[in-house]
Protein chains: 2
Amino acid sequence: MEDGERIKYTNQRVEILNFLQNNYSHPTVEDVYEGVRKKLTRISKATVYQNLKFLASKGLIQEVNIKGVSRFEPNINPHHHIICKNCGAIVDFESKELTEFSLQLIKNMKEFDIESTNTNFFGICNKCIK
Amino acid sequence: MEDGERIKYTNQRVEILNFLQNNYSHPTVEDVYEGVRKKLTRISKATVYQNLKFLASKGLIQEVNIKGVSRFEPNINPHHHIICKNCGAIVDFESKELTEFSLQLIKNMKEFDIESTNTNFFGICNKCIK
DNA sequence: TCTACAATTAATATTAAATATCAATTGATA
DNA sequence: TATCAATTGATATTTAATATTAATTGTAGA
């Protein structure tokens with residue numbers, strides 16, 4: 001598919017998007033595969049990989065790598081993440097203020113042409129404390 | 001080795017620390033292995049893995065995962081990273097201001113007990129622009 | 001409608017990073 | 001010096017991700 005062309009919404013892509021829609025648990029490829037398989041029982045894991053990459057490259061979803069594994073989310077706006085060091089739970093943290101503050105701070109960096117920024121917070125979630 | 005016990009500085013550990021000392025290029029395990037092998041020709045990659053993990057757990061070095069691969073650095077202070085989306089180059093960005101601003105912003109988060117934060121900046125480095 | 005073509009899918013193979021296992025070695029201490 | 005736990009190094013295994021490719025799909029043009 002050439003760049004700029006209209007996106008082909010195959011069944012597989014629609015189901016993957018459906019699965020991610022309103023799913024803010026930051027599922028891994030495996031998670032998405034298991035989820036989508038309930039509807040499209042014959043889908044291949046390779047297809048899930050390919051399409052998650054594809055949809056992310058088109059900006060329809062976002063890929064985020066946490067501790068070495070890729071995760072995907074429907075929230076395509078710039079935002080930040082809070083990660084539980086114990087159970088690995090990931091929660092979005094929306095803060096335009098932080099994004100702007102960061103970009104403001106870095107704007108004199110001559111060695112790089114900065115395009116984006118995001119902040120990770122690490123800690124222990126309530127479930128793991130108790 | 002029990003927690004709190006004194007750290008055993010084996011030859012392997014010393015060489016790994018030596019290699020990382022003043023090395024701000026954020027080497028991967030493979031890089032460290034290749035580097036250390038020049039001195040300790042018989043060292044095993046497993047040993048490098050084990051000791052990098054070990055040294056990081058003791059706070060003597062820092063592990064940072066970028067795009068799915070672990071990298072290690074001697075800079076153990078909280079700091080941030082600038083990453084070239086093209087060549088993968090990683091540069092440290094020191095900013096207590098940013099760290100504190102971030103922690104300030106998150107301090108009302110009830111669902112997590114936040115311990116640390118770090119910000120990644122993504123862009124294109126000078127080498128890759130030209 | 002039929003044909004041709006390009007994109008997509010699915011199955012499988014391959015790669016690469018990381019972890020696990022475990023016998024041999026080391027080194028400190030009783 | 002003997003003992004014992006930690007460490008090392010070799011190898012096996014696991015896991016995430018990518019690569020390959022034949023079959024399928026779907027669309028556009030004849």
Side-chain angles (χ1 to χ4, degrees), chain A residues 1-19 26-58 60-73 83 85 88 90, chain B residues 1-19 26-58 60-73 83 85 88 90:
Chain A
M1 179 197 194
E2 275 183 46
D3 208 48
E5 239 174 282
R6 148 171 188 294
I7 291 168
K8 221 171 264 180
Y9 286 97
T10 63
N11 289 340
Q12 291 87 341
R13 284 175 188 170
V14 170
E15 284 307 327
I16 289 169
L17 283 171
N18 261 343
F19 179 80
H26 303 79
T28 62
V29 173
E30 188 67 33
D31 297 333
V32 175
Y33 175 61
E34 289 305 333
V36 169
R37 223 142 68 100
K38 287 173 186 157
K39 285 279 186 71
L40 290 180
T41 52
R42 305 192 53 75
I43 198 172
S44 156
K45 199 183 283 187
T47 301
V48 177
Y49 266 100
Q50 286 159 10
N51 281 323
L52 285 170
K53 284 279 176 198
F54 172 81
L55 295 167
S57 79
K58 295 297 171 187
L60 297 178
I61 60 177
Q62 196 165 350
E63 176 172 8
V64 44
N65 190 294
I66 312 246
K67 282 184 60 133
V69 295
S70 281
R71 294 168 173 277
F72 295 86
E73 55 178 340
I83 301 152
K85 288 165 104 169
I90 303 160
Chain B
M1 180 198 193
E2 277 182 43
D3 207 47
E5 240 175 282
R6 148 171 188 293
I7 291 168
K8 222 172 262 178
Y9 286 97
T10 62
N11 289 341
Q12 290 85 344
R13 285 176 188 168
V14 170
E15 284 307 328
I16 289 169
L17 284 171
N18 261 344
F19 179 79
H26 303 80
T28 63
V29 173
E30 188 67 33
D31 298 333
V32 176
Y33 174 61
E34 289 306 333
V36 168
R37 222 142 69 100
K38 287 174 187 157
K39 283 279 186 72
L40 290 180
T41 52
R42 304 193 54 74
I43 197 170
S44 157
K45 200 182 282 187
T47 301
V48 177
Y49 266 101
Q50 286 158 12
N51 281 323
L52 285 170
K53 284 280 177 196
F54 172 81
L55 295 167
S57 79
K58 295 299 173 187
L60 297 178
I61 59 177
Q62 195 163 350
E63 177 172 6
V64 44
N65 191 293
I66 311 245
K67 283 184 59 137
V69 296
S70 282
R71 293 170 173 275
F72 296 85
E73 55 178 340
I83 301 152
K85 289 166 102 170
I90 302 161

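Keep in mind it's a predicted model, so treat the numbers as computed, not measured. In what follows, every chain begins at residue 1, and chains take the letters A, B, ... in the order their sequences are listed.
A:R13 places a side-chain N or O within 3.5 Å of a backbone atom of A:K8 that can act as its donor or acceptor partner.
Distance A:Y33 OH to D:dT15 P: 16 Å, rounded to the nearest Å. As a whole-Å value, the separation of A:L40 CG from D:dT24 P is 18 Å. Atom CZ in A:F72 sits about 10 Å away from atom C1' in D:dA17, given to the nearest Å. We find that CZ of A:R37 is positioned 14 Å from C1' of C:dA11, with the value rounded to whole Å.
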**Q.** Protein-to-nucleotide contact annotation, 5' to 3' order, nucleotides 24-30 of chain C [B base; S sugar-phosphate only; - none; under 4.0 Å, heavy atom]
**A.** -------

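Considering only side-chain N and O atoms, A:T10 lies nowhere under 4.0 angstrom from the phosphate OP1 or OP2 of D:dG26.
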Every protein N/O within reach of nucleotides 12-20 of chain C N/O, cut-off under 3.5 Å:
residue, atom, partner, partner atom, Å
C:dA18, OP1, B:S70, N, 2.8
C:dA18, OP1, B:S70, OG, 3.2

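B:L17 contributes atom CG, which lies 8.5 Å from atom CG of B:N51 (distance to the nearest 0.5 angstrom). Atoms CG and CD1, from A:N11 and A:I16 in turn, are 11.0 Å apart once rounded to the nearest 0.5 Å.
Among all heavy-atom pairs drawn from B:G35 and B:F19, the shortest one is CA-CE1, 3.5 Å.
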Show me the donor-acceptor pairs within less than 3.5 Å that the side chains of residues 37-49 of chain A make with the rest of the protein, sequence neighbours left out.
residue, atom, partner, partner atom, Å
A:R37, NH2, A:E34, OE1, 3.4
A:S44, OG, A:A46, N, 3.0
A:K45, NZ, A:E30, OE1, 2.6

Just list the side-chain donor-acceptor pairs under 3.5 Å for residues 63-72 of chain B, sequence neighbours left out, or say none.
residue, atom, partner, partner atom, Å
B:E63, OE1, B:K53, NZ, 3.3
B:E63, OE2, B:K53, NZ, 3.2
B:E63, OE2, B:S70, OG, 2.6
B:N65, OD1, A:G68, N, 3.4
B:N65, OD1, B:G68, N, 3.2
B:R71, NH1, B:H26, O, 2.6

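When the side-chain hydrogen bond (donor to acceptor under 3.5 Å, both in side chains) test is applied to B:T28, the partners found at least two apart in sequence or on another chain are B:D31.
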